[in-house]
Amino acid sequence: QVKSSQTSMKVFASAPLILREGLIFPYLGGAEFMRWWALNKSAPLPTVAELPQSTEQILHPDRYARGDGPVDLTFVEPKDGVIYEDTFGELETQIFTTVMRGGGEVLNDLAPGWGGDRFRVYRTSGGPALVWYSVWDDSTSARRFQTGPAARLSERARQGYRTDVAAVQVGGRSGVRVVRAPNAWDRWARLPEVRAGS
């Protein structure tokens, strides 16, 4: 009902997909997770310690049940020049995937195996620079993300900018590094790195 009523709410329907999905996910995704909880757990509500640790666990309760928690990624250098730093999570990675394929409804079709991610946005004289690392449960999932949504970002040129998508290893896990930054950014020769763990 929430999804179908969006068309009658003109302001909401015209908002960016990331805002729309971010607003309704706690209600829809949260309700689905609690329905799963009611069918599979004896306690009526999870304790604070039992709450999901990631949107992946909400989207895939079977992964929650087997303790498949997110991999923490940490940038190895200080925050000099950083405007913003955060984690997308599987939900926002799915939204990114949807936008890269041309929009529409966010489908739960992201290659299974999202393991964790971390990004930073740096201030530069030529405009903001994005460095985004993601790790995956296996090389197949990482490759699907690299050659699919991440590659489509490379195809969307932005004047004065360069995009680089590369396979990486982080803490022994298959990963993907996405960098979108001004051509003249002085960090192209020594890109920021991450490690697994906090």
Side-chain angles (χ1 to χ4, degrees), residues 16-30 32-33 46 48-64 66-100 106-123 128-139 141-146 148-153 163-181 187 191-198:
L17 185 63
I18 186 68
L19 293 179
R20 297 196 315 265
E21 291 295 325
L23 286 170
I24 65 174
F25 179 74
Y27 301 98
L28 301 183
E32 281 298 310
F33 179 83
V48 171
E50 293 172 318
L51 290 173
Q53 299 173 4
S54 66
T55 54
E56 177 194 37
Q57 290 186 337
I58 297 171
L59 290 163
H60 310 285
D62 58 313
R63 296 185 190 176
Y64 169 87
R66 68 174 185 252
D68 183 4
V71 176
D72 289 327
L73 298 181
T74 306
F75 280 89
V76 299
E77 60 183 29
K79 290 190 173 185
D80 298 343
V82 174
I83 301 171
Y84 189 71
E85 178 176 339
D86 205 349
T87 297
F88 279 120
E90 183 170 327
L91 174 67
E92 290 178 334
T93 304
Q94 285 185 11
I95 295 169
F96 168 77
T97 299
T98 301
V99 171
M100 287 300 102
V106 177
L107 303 173
N108 190 7
D109 65 351
L110 183 66
W114 175 91
D117 71 80
R118 195 73 179 166
F119 72 89
R120 275 184 172 178
V121 179
Y122 290 84
R123 180 180 292 107
L130 168 70
V131 180
W132 176 24
Y133 284 87
S134 58
V135 293
W136 301 81
D137 292 342
D138 55 67
S139 59
S141 298
R143 189 167 48 255
R144 284 180 185 155
F145 180 71
Q146 179 188 356
R152 285 193 280 276
L153 178 63
T163 303
D164 179 74
V165 177
V168 294
Q169 288 287 313
V170 180
R173 287 180 173 264
S174 296
V176 178
R177 182 190 64 216
V178 177
V179 182
R180 188 168 180 104
R187 294 298 307 272
L191 290 171
E193 298 180 353
V194 295
R195 66 171 183 268
S198 51

Visitor: In this structure, are over 12 heavy atoms from other groups packed under 6.0 Å from Glu193 atom CD?
Guide: no
Visitor: Within the structure provided, determine whether Pro128 and Arg123 are in side-chain contact (heavy-atom separation under 4.5 Å).
Guide: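 Not touching, per the 4.5 Å side-chain cut-off.
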Visitor: Measuring from atom CG of Asp164 to atom CG of Leu191, what distance do you get when rounded to the nearest 0.5 angstrom?
Guide: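 Rounded to the nearest 0.5 Å, the CG-CG separation comes out at 7.0 Å.
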Visitor: So, taking the atom named CZ in Arg63 and the one named CD in Gln57, what distance separates them when rounded to the nearest 0.5 Å?
Guide: 10.0 Å
Visitor: Quick one: list whatever passes side-chain hydrogen bond (donor to acceptor under 3.5 Å, both in side chains) with Arg180, sequence neighbours left out.
Guide: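 Once residues adjacent in sequence are excluded, the partners of Arg180 under the side-chain hydrogen bond (donor to acceptor under 3.5 Å, both in side chains) criterion are Thr163.
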Visitor: Side-chain contact, heavy-atom cut-off 4.5 Å: Arg118 with Asp86?
Guide: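 Arg118 reaches Asp86 side chain to side chain.
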Visitor: Calculate, to the nearest 0.5 Å, the distance between atoms CG and CG belonging to Leu19 and Leu23 respectively.
Guide: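 Those atoms lie 6.5 Å apart.
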Visitor: Rounded to the nearest 0.5 Å, what separates atom CZ in Phe25 from atom CD in Glu32?
Guide: 10.5 Å
Visitor: Quick one: closest heavy-atom pair of Ser141 and Trp136, and the distance?
Guide: CB-CE3, 3.9 Å
Visitor: Which heavy atom in Ser54 sits nearest to a heavy atom in Pro70, and how many Å separate them?
Guide: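 Looks like CB-CG, 3.9 Å.
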Visitor: Rounded to the nearest 0.5 Å, what's the gap from OG on Ser134 to CH2 on Trp114? Could you check?
Guide: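 Those atoms lie 9.5 Å apart.
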Visitor: Measure the acute angle between the ring planes of Tyr133 and Phe75, then classify it against the limits of 30° and 60° as parallel, tilted or perpendicular.
Guide: perpendicular
Visitor: For Glu50, is there any backbone N or O sitting under 3.5 Å from a side-chain donor or acceptor partner on Tyr64?
Guide: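 Yes; judged by distance alone, with no hydrogens or angles, the pair exists.
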Visitor: Does a side-chain heavy-atom distance below 4.5 Å link Glu56 with Leu59?
Guide: no
Visitor: Scan for side-chain hydrogen bond (donor to acceptor under 3.5 Å, both in side chains) pairs involving residues 70-83, sequence neighbours excluded, and state none if there are none.
Guide: Glu77-Tyr122, Glu77-Arg187
Visitor: One pair to check against side chain to side chain contact (heavy atoms under 4.5 Å, CB included): Asp137 and Asp68. What are the steps and the verdict?
Guide: CA-CA 10 Å; Asp137 292 342; Asp68 183 4; 3.7 Å; yes
Visitor: What are the two closest heavy atoms between Ala196 and Leu73, and how far apart are they?
Guide: CA-CD2, 4.1 Å
Visitor: Over all heavy atoms of both residues, which pair between Leu51 and Pro46 is shortest? Give the atoms and the distance, please.
Guide: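 That closest heavy-atom pairing would be CD2-CG, 3.9 Å.
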Visitor: State, to 0.1 Å, how close Ala142 and Val176 come at their nearest heavy-atom pair, and which atoms those are.
Guide: O-CG2, 3.4 Å
Visitor: Could you check whether any side-chain heavy atom of Asp117 comes within less than 4.5 Å of a side-chain heavy atom of Glu92, counting everything from C-beta outward?
Guide: no
Visitor: Before you tell me yes or no, could you show the steps for Asp138 and Arg173 under side chain to side chain contact (heavy atoms under 4.5 Å, CB included), namely the whole-Å CA-CA distance, both residues' side-chain angles and the distance that decides it to 0.1 Å?
Guide: CA-CA 7 Å; Asp138 55 67; Arg173 287 180 173 264; over 6 Å; no
Visitor: How far apart are the C-alpha atoms of His60 and Glu90, what are their side-chain angles, what is the distance that settles it, and do they pass the side chain to side chain contact (heavy atoms under 4.5 Å, CB included) test?
Guide: CA-CA 10 Å; His60 310 285; Glu90 183 170 327; 2.7 Å; yes
Visitor: Write down the atom of Phe96, the atom of Ala150, and the distance for their closest heavy-atom approach.
Guide: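 So the two residues come closest at CE2-N, 4.2 Å.
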Visitor: Please round to the nearest 0.5 Å and tell me the distance separating atom CG of Leu153 and atom CH2 of Trp132.
Guide: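 It is 8.5 Å, given to the nearest 0.5 Å.
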